[in-house]
**Student:** 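Shown below is the structure under consideration.
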Amino acid sequence: MLETTLDAHGFGTEMASLVSPARPIQSIEFLRGRAKELSRIDRALFAPGRHIFVYGDRGIGKSSLAAAAAAQAQSADSSYIDVACSTDSTFRSVIANIGSQAIRLSRIYRSKKTLTAGLELRFLRATASEEITVNDLHDVIRTVGDAVEVLREVATVHSDRPVVVVDEFDRMTDERERALFSDLVKQLGDKKINVIFFFTGVAPTLDQLLGAHPSAIRQFETIELQKLNWTARWDIAVNALAKFGVEIEDNIRVRIAAVSDGYPAYVHLITEKLLWRLWDAPKVITNVDWEHYNGAIQDAILSVNAELKRPYEQAVNQRTEDFEEVLWAAADSEYLDRDLRQLYSSYGYVMRQRPGRVAMDYKQFTATLNKLKTKSCGEIIVASRFDRRGWVAYRESMLRGYARMRAEARNIKLVGEQEAPRQVMHAPGASGRSFGPSIPKGVHTGRIRMPEEGPADE
Ligand SMILES: Nc1ncnc2c1ncn2[C@@H]1O[C@H](COP(=O)(O)OP(=O)(O)O)[C@@H](O)[C@H]1O
Ligand SMILES: [Mg+2]
């Protein structure tokens, strides 16, 4: 029970406004740990003709950051325009969508009078008078030049400073369609058309998405999103719990932060399950205990999307426990990409928490790891993106987060390397690339450092 006068329905609704595992954050008020990124975006947009590209892994918080930042950048006379891409999106479908949303959101359209008062609107007038639909608008946009014209009209009717979010741009499969946006951005700049674009996508670099058009690339501020820092992770949980008069001790919030692997969706999910556990408790709860926490982890595992967890289930299904132990070990690091030697050391660490189980030697271990790369194991482990010999990674980072929850449910404490040796690839590069947050000082992780167990470097 919780100290609240709400009924179950009221509680569920209230909670959903605080934690949202499956929906991007809309309001800056709930966006945690992204102050640096917001300020970078804010500053970048002083330059006319600048656009924003937010990229990073699935679930890291791209849509949330774009939504919150777009709402801030959009002038107060309207709401920003939001287009979600899908596999069959095209350049024209996106532009037509933007055009029709601009009309719908337009204040002058709502008061109709000004729209008829001599504005030159080649494309949008018919849309406004509802003579044509989005599909028709789509058909009359033939060239990038036409799209530029549509956006000029958008700038006229929509607001003082229109902002457009093109979310999940990477889902647009056709490379040529995507490349047209690069032309568009260039022409918007040349013609001084005042529309700001935010693109989000899962891609290592912007030119992979836009095709290399150097002058367009220069007009983007690119923001690579990293895992949420530790404070932000536990803030999500602590704040939501506090709304219902519940406190959470340091050790438990550190576990939530660690298990979530820096993926805000998991923090939301665990917090949501935790709150329901407290709701169901027979007496009034004002402090989270380990039993609540463990229950919440179990519930969270159950409700992770089947699609997402399939490769894990496939890999551990009907095989020896060796496979799962190796998967846990592979998730035991702050870094997504691991070198085999470090991974084997994590494996030793996992196995010491498995009384009665015998650890494999290095050769058996690498053989098992290699099997995890095959189809029959859902290709859950892949070669590192960094092309370094002997380095591996989880195919999908959110899957790695799932593995961490599974380990937690079996009472295997994964934390990650606190003092991972500095690798060349971990050095911040010119792009300001950094490799995520470190475990804060003073956090007791229970990690026992071990001597290196793997073979020496070849
Ligand atoms: N900075 C943040 N603070 C709190 N919650 C966040 C933050 N960023 C994302 N979330 C939450 O994490 C989940 C995934 O975020 P989302 O923006 O949809 O990720 P992406 O677009 O990268 O897949 C959402 O449930 C969202 O509510
Ligand atoms: Mg998204």
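Whatever order the structure lists them in is the order used to number ligands and atoms, beginning at 1.
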**Student:** Suppose we call two aromatic rings close when their centres sit under 6.0 Å apart. Are Phe244 and Trp279 close by that rule?
**Tutor:** no
**Student:** Which of the numbered atoms in ligand 1 are under 4.0 angstrom from any heavy atom belonging to Arg34?
**Tutor:** 1 (N)
**Student:** Measure the spacing between CD of Gln298 and CD of Glu408 and express it to the nearest 0.5 Å.
**Tutor:** 10.0 Å
**Student:** Counting from 1, what ligand 1 atoms have a heavy atom of Arg23 closer than 4.0 Å?
**Tutor:** 24 (C), 25 (O), 26 (C), 27 (O)
**Student:** Aromatic rings Phe220 and His51: how do their planes relate, parallel, tilted or perpendicular, breaks at 30° and 60°?
**Tutor:** tilted
**Student:** Just to be sure I'm reading this right: ignoring hydrogens, which of Ser64, Ala35, Gly33 gets closest to atom 16 (P) of ligand 1? Compare them by their nearest heavy atoms.
**Tutor:** Ser64
**Student:** Quick one: does Ser20 get an N or O within less than 3.5 Å of an N or O on ligand 1?
**Tutor:** yes
**Student:** Can you tell me the protein heavy atom closest to atom 23 (O) of ligand 1 and the distance?
**Tutor:** Gly59 N, 2.8 Å
**Student:** Below 4.0 Å, non-hydrogen atoms only: which portion of Pro21 touches ligand 1? Side chain, backbone, both or neither.
**Tutor:** backbone
**Student:** Quick check on contacts: which atoms of ligand 1 are under 4.0 angstrom from a heavy atom of Leu31?
**Tutor:** 1 (N), 2 (C), 3 (N)
**Student:** For Asp57, take its heavy atoms, then give the atoms of ligand 1 lying under 4.0 Å from any of them.
**Tutor:** 22 (O)
**Student:** Looking at atom 1 (N) of ligand 1, what's its closest protein heavy atom, distance included?
**Tutor:** Arg32 O, 2.8 Å
**Student:** Out of all atoms in ligand 1, which are within 4.0 Å of some heavy atom of Ala265? Include the element for each.
**Tutor:** 12 (O), 13 (C)
**Student:** Using a 4.0 Å heavy-atom cut-off, say whether Ala232 meets ligand 1 through its side chain, its backbone, both or neither.
**Tutor:** neither
**Student:** May I ask you to identify, for Glu168, whether its side chain, its backbone, both or neither come under 4.0 Å of ligand 1 on a heavy-atom basis?
**Tutor:** neither
**Student:** Show which atoms of ligand 1 fall inside a sub-4.0 Å distance from at least one heavy-atom site of Phe30.
**Tutor:** 3 (N), 4 (C)
**Student:** List the closest protein heavy-atom neighbour of atom 5 (N) of ligand 1: residue, atom name, distance to the nearest 0.1 Å.
**Tutor:** His268 NE2, 2.8 Å
**Student:** Quick check for you: to the nearest 0.5 Å, what is the distance between Trp391 atom CH2 and Ser384 atom OG?
**Tutor:** 7.0 Å
**Student:** Using a 4.0 Å cutoff against the non-hydrogen atoms of Ile236, which atoms of ligand 1 qualify?
**Tutor:** 4 (C), 5 (N)
**Student:** Within a radius below 2.8 Å of the Mg ion (ligand 2), how many protein N, O or S atoms are present?
**Tutor:** 1
**Student:** In the protein, what heavy atom is nearest to atom 18 (O) of ligand 1, and what distance, to one decimal place, separates them?
**Tutor:** Pro24 CG, 3.8 Å
**Student:** Parallel under 30°, tilted from 30 to 60°, perpendicular over 60°: which one fits the rings of Tyr55 and Phe53?
**Tutor:** parallel
**Student:** Could you tell me whether Tyr263 approaches ligand 1 through its side chain, its backbone, both or neither, with non-hydrogen atoms closer than 4.0 Å?
**Tutor:** neither
**Student:** Would you mind checking which non-hydrogen protein atom is closest to atom 19 (O) of ligand 1, with the distance to 0.1 Å?
**Tutor:** Gly61 N, 3.1 Å
**Student:** Suppose I only count heavy atoms of Ala22 and a 4.0 Å limit; which atoms of ligand 1 are within that range?
**Tutor:** 25 (O)
**Student:** Under the side chain to side chain donor-acceptor pair (under 3.5 Å) test, which residues partner Thr374, sequence neighbours left out?
**Tutor:** Ser376
**Student:** Applying the side-chain hydrogen bond (donor to acceptor under 3.5 Å, both in side chains) criterion to Tyr312, which one of Arg406, Arg400, Glu396, Glu324 satisfies it?
**Tutor:** Glu324
**Student:** I need the nearest protein heavy-atom contact for atom 10 (N) of ligand 1: residue, atom name and distance, please.
**Tutor:** Pro264 CB, 3.4 Å
